[in-house]
Amino acid sequence: MAPALADAMETRGLKYTTTMPGENDENSGQGRSWKSTLGCADVADAEEKLRQLGYSWKWQEDGSLKATTPVLPAVVELDNGIKVFYNQLIAAYMGWKGVRENPASAITYGDDSLIEASDLELINNLSSEFTFDVDWQTADMALVDNHMAMHGRRPYSGESKRQVLVALGKND
């Protein structure tokens, strides 16, 4: 459908930039502070953690932290040889405040070049096209191979209280 886009995702990878507030802030797209996100108590600890992760960063005047990941793969090859679109691009594009208006503020290719908004819309539309809802009933459980299928959730506004339990496992 879009072979040039698929090739760019695979060969260039992605970088994500986020601004983490100085304190937890529910009105922030990030929500959690840099202290909470990084599990650090002070600036020195945060910078050491960022250095270990290969991030670049800049402290903002308001105490927030603007951090950019190293180049991360957008496509990974699994042990069985299957290549999968495995990243946070849709979550960042659709869920981070202001990204849809200015995607370059949060998502670029790994070489720092811009990803066209039309390409991000195509990816989002394709994910929507292949999305299905689970018709949940009391005590249901779903097992999802996170490497083979993307997952997400829609907002919930029902009358009954929901409890969602998640367990992650790694196959090494």
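It should be emphasised that the depicted structure is a prediction, and the values quoted were computed from it without experimental measurement.
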Undergrad: Rounded to the nearest 0.5 Å, what separates atom CD in E47 from atom CD in Q52?
TA: 12.5 Å
Undergrad: Closer than 3.5 angstrom, by distance alone: can the side chain of N24 be matched with the main-chain N or O of S33 as a donor-acceptor pair?
TA: yes
Undergrad: Could you go through the side-chain contact (heavy atoms from CB on, under 4.5 Å) check for I90 and L120 one step at a time?
TA: CA-CA 8 Å; I90 295 169; L120 293 168; over 6 Å; no
Undergrad: For W34 and E23, test the side chains for any donor-to-acceptor distance below 3.5 angstrom and give the result as yes or no.
TA: no
Undergrad: Atom CD of E10 and atom CG of L5: how far apart are they, to the nearest 0.5 Å?
TA: 11.5 Å
Undergrad: Answer whether the closest heavy-atom distance between the side chains of M148 and I82 falls below 4.5 Å.
TA: yes
Undergrad: So, the side chain of S113 versus the backbone of Y109: is there a donor-acceptor pair under 3.5 Å, distance only?
TA: no
Undergrad: Closer than 3.5 angstrom, by distance alone: can the side chain of K49 be matched with the main-chain N or O of L38 as a donor-acceptor pair?
TA: yes
Undergrad: Compile the donor-acceptor pairs under 3.5 Å between side chains in residues 125-132 and protein atoms, sequence neighbours left out, one pair per line.
TA:
residue, atom, partner, partner atom, Å
N125, ND2, E121, O, 3.2
S127, OG, N124, O, 2.7
S128, OG, N124, O, 3.2
T131, OG1, S127, O, 2.5

Undergrad: Check whether any side-chain N or O of D140 sits under 3.5 Å from a backbone N or O of Q137 as a donor-acceptor pair, and report yes or no.
TA: yes
Undergrad: Counting C-beta onward and ignoring hydrogens, is there a side-chain heavy-atom pair between D112 and K15 closer than 4.5 Å?
TA: yes
Undergrad: Is T11 reaching over with its side chain to a backbone N or O of D7, donor-acceptor style, under 3.5 angstrom?
TA: yes
Undergrad: Under the side-chain contact (heavy atoms from CB on, under 4.5 Å) criterion, do V76 and F85 qualify, and how do the steps go?
TA: CA-CA 7 Å; V76 297; F85 189 66; over 6 Å; no
Undergrad: Looking at side-chain heavy atoms only, is the closest gap between W136 and M141 below 4.5 Å?
TA: no
Undergrad: Who passes ring-ring contact (aromatic ring centres under 6.0 Å, His included) against Y86, sequence neighbours left out?
TA: H147
Undergrad: CZ/R12 to CG/D111 distance, rounded to the nearest 0.5 angstrom?
TA: 5.0 Å
Undergrad: Could you go through T19 and L65, starting from their C-alpha distance and side-chain angles, then the distance that decides it, and tell me whether this counts as side-chain contact (heavy atoms from CB on, under 4.5 Å)?
TA: CA-CA 5 Å; T19 300; L65 171 64; over 6 Å; no
Undergrad: Give the C-alpha distance, both sets of side-chain angles, the deciding distance and a yes or no for side-chain contact (heavy atoms from CB on, under 4.5 Å) between M9 and L14.
TA: CA-CA 7 Å; M9 289 286 161; L14 298 169; 3.9 Å; yes
Undergrad: Okay, side chain of E116, backbone of L114: is any donor-acceptor separation there less than 3.5 Å?
TA: no
Undergrad: Could you measure the distance from the NZ atom of K58 to the OG1 atom of T17? Nearest 0.5 Å is fine.
TA: 12.5 Å
Undergrad: To the nearest 0.5 Å, what is the distance between CG on D119 and CG on L122?
TA: 6.5 Å
Undergrad: Measure the shortest side-chain to side-chain distance between T68 and Y16 over non-hydrogen atoms and say whether it is less than 4.5 angstrom.
TA: no
